[in-house]
Amino acid sequence: MKLKAGLSLLAFFGALAAAAPLFAPYNPYAQDLLCSLDAPTAAHPMGLDLLGRDILSRVIYGARVSFAAGFAVIAVNGLIGILIGGVAAVWGGRMDVLLMRVVDVAQAFPGILLAIAVMAVLGPGFGNLLIALCLTGWAGFARLTRGQLLSLREREYVTAAVAAGAGKWRILTRHLLPNAAAPLLVEAAFGLASVIVAEAGLSFLGLGVQPPAPSWGSMLNEGRAFLLIAPRLTVFPGLCLMLLALAVTLVGEALRDRLDVKRR
Amino acid sequence: MHRYITSRIFFLLPTLWGVVTAVFLVIHLIPGDPVEAMLGETAMAAEKEALRHELGLDRPILAQYGVYLAGLARGDLGDSIATRRPVFAEIAARWPATVELAVAALLLAAITAVPLGVLAAARRGGALDSATLFFSLIGAAVPSFWLGPLLIIVFSIGLAWLPVSGRDGAASIILPAVTLGAGMAAILLRLTRSAVLEAAADDYVRAARARGLPERMVYLKHALGNALLPVVTVMGLQLGALLSGAVITETIFSWPGVGRLMIEAIEKRDYPVVQGCVLNIALCYVFVNFAVDIFYAWLDPRIRLER
């Protein structure tokens with residue numbers, strides 16, 4: 001049920017993002033200042049924004065920004081985290097202690113606080129946004145990978161593989177990582193939801209994706225000045241953002257339940 | 001207990017040092033020139049040099065780091081470029097508003113989520129249970145920067161019941177507190193429900209039932225009492241998260257707290273203030289987590305004896 005609902009919603013937004021030019025009725029950048037803030041009509045079901053751009057088209061293209069930021073950040077964070085967690089577990093000793101202290105510090109920053117600070121120094125933009133969100137986001141993956149590897153290597157099948165003469169690399173890639181994959185996948189799903197919301201949050205604060213690019217967060221920021229006369233500027237992008245976050249969370253929960261992963 | 005606290009402090013110190021250093025590195029080492037950002041690319045070279053000197057940015061990085069640490073030890077975070085006042089004073093003036101908002105959000109979340117969670121668990125599988133679960137899913141997914149404007153549209157513009165923004169009177173805190181607390185309420189609701197369900201399956205609850213206690217007493221006294229431990233812990237941990245969430249909520253409602261100060265400082269390129277705010281919020285988060293750790297160990301002896 002959860003999986004079905006989540007996957008269908010996710011597929012819907014995925015299709016919108018992938019084939020945005022097909023679905024969007026207009027160019028999301030095309031301005032018509034004479035129609036500034038026009039109410040919805042049959043031709044423009046969500047109306048027009050301040051610069052006379054079609055809101056529906058901008059909402060559809062906005063899905064691209066969310067997906068691009070979400071998947072890019074999670075991929076980088078996952079890779080860095082698995083690498084660092086792997087090194088800590090395999091190396092052990094001082095290296096382990098040192099790396100885990102770094103993880104502690106990275107996790108000592110609440111939410112998107114450090115990302116806000118980094119964006120303040122780097123300046124807005126999509127590339128900088130990715131850097132800011134990757135700065136501490138890998139720590140959860142690192143801690144999880146290390147914990148998984150440490151507990152998995154006590155298992156009998158690993159002992160059996162060692163006894164059979166398998167090399168370290170073979171044990172890592174054939175036995176340890178595949179068995180650690182389920183919790184990492186669940187972590188990635190929940191992480192994806194929070195990265196998508198974090199991107200929109202930074203863009204909402206004016207620190208993320210810059211106009212005229214259509215990010216749901218920056219659209220919400222633009223809508224703030226017109227809550228009284230044009231609340232639809234706020235309603236539609238926010239609704240999409242919430243539904244996408246909900247979809248990813250549902251998929252994450254369904255995966256967690258199916259793969260029987262205990263989260264901290 | 002003393003041994004446990006000592007060992008936690010032993011872990012706390014390197015984390016504090018790491019946080020302080022990470023903030024320094026972010027502000028000082030990231031490519032990009034704060035001086036140019038502050039004055040604009042067209043500024044005169046001499047002008048840039050003067051500001052760089054004033055901020056101490058013309059000194060070697062290690063010397064800057066030393067000055068920064070020494071200042072921190074004295075509670076000196078430098079001066080604001082915009083107002084020329086000490087950053088410490090600027091931030092201290094804003095803390096009460098942030099704490100007020102965070103505590104209001106926390107209380108609001110607790111008084112709605114905990115009773116609903118217990119009810120949902122007591123009527124497991126019923127209509128109320130499904131409804132609360134549905135709303136907690138929505139509540140966890142709804143971003144504050146959408147919920148806030150929606151509440152303004154409905155309650156400030158549509159119904160004209162509550163002020164749009166600012167911090168003026170008791171009514172002005174309602175919308176910001178709801179905005180900030182909604183996500184936490186959703187988390188607490190699900191947690192309370194599952195913790196009560198878990199406790200309800202335990203032997204002492206069955207014993208209470210066998211003694212003929214009414215169902216209400218069984219849930220309120222025995223199941224909830226034992227379910228509260230994880231709930232209180234998560235509340236504490238979430239208090240720290242609320243502080244960073246406050247950055248966005250305060251911006252939506254022009255609430256004059258530390259988060260709003262930070263965003264204003266970013267807009268004015270007032271880096272000493274930005275650095276001070278990040279440091280303050282992060283350190284507060286670390287200390288709150290530390291306090292929760294200790295509190296948890298005090299409540300549950302198994303924790304402090306385990307390590």
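Each chain gets a letter, A, B and so on, in the order the sequences are listed, and its residues count up from 1.
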### chain A contact via B:Y285 - which portion, at a heavy-atom distance below 4.5 Å
side chain

### Summary
The interface call for B:I152 against chain A, heavy-atom contacts under 4.5 Å, is side chain

### Query
For B:W161, does the CH2 atom sit with more than 12 other heavy atoms under 6.0 Å from it, leaving out its own atoms?
no

### Query
For atom CZ of B:F135, is the number of surrounding heavy atoms from other residues, nucleotides or ligands below 6.0 Å larger than 12?
no

#### Entry: Stepwise side-chain contact (heavy atoms from CB on, under 4.5 Å) test for B:T21 and A:V105
CA-CA 10 Å; B:T21 304; A:V105 171; over 6 Å; no

### Message
Testing the basics here: between B:F145 and A:V197, what is the closest heavy-atom pair and its distance to 0.1 Å?
### Response
CZ-O, 3.6 Å

### Task
Kindly indicate whether the side chain of B:V286, heavy atoms from C-beta on, has any atom under 4.5 Å from the side chain of A:F109.
no

### Query
Do the non-hydrogen side-chain atoms of B:W146 and A:L239 ever get within less than 4.5 Å of each other?
yes

### Query
If you tally heavy-atom pairs under 4.5 Å against chain A, which of B:P149, B:S144, B:S156 wins?
B:P149

### Query
With chain A, which of B:V19, B:I138, B:V23, B:L137 has the greatest number of heavy-atom pairs at distances under 4.5 Å?
B:V19

## Note on the structure
Within residues 240-251 of chain A, the residues sitting under 4.5 Å from chain B by heavy atom, in sequence order, are A:L241, A:M242, A:A245, A:L246, A:L250

Pairwise distance [atom1]([X]) to [atom2]([Y]) - rounded to 0.5 angstrom:
{"X": "A:I116", "Y": "B:I266", "atom1": "CD1", "atom2": "CD1", "value": "6.5 Å"}
{"X": "A:R224", "Y": "B:T251", "atom1": "CZ", "atom2": "OG1", "value": "6.5 Å"}
{"X": "B:W17", "Y": "A:R101", "atom1": "CH2", "atom2": "CZ", "value": "11.0 Å"}
{"X": "A:I112", "Y": "B:I248", "atom1": "CD1", "atom2": "CD1", "value": "4.0 Å"}

### Query
Side chain, backbone, both or neither: which part of A:F204 has a heavy atom under 4.5 Å from chain B?
side chain

### Task
Answer with side chain, backbone, both or neither: which region of A:A193 has an atom nearer than 4.5 Å to a non-hydrogen atom of chain B?
neither

### Query
For chain A, which residues from residues 276-284 of chain B have at least one heavy atom closer than 4.5 Å to it?
B:V278, B:I281, B:A282

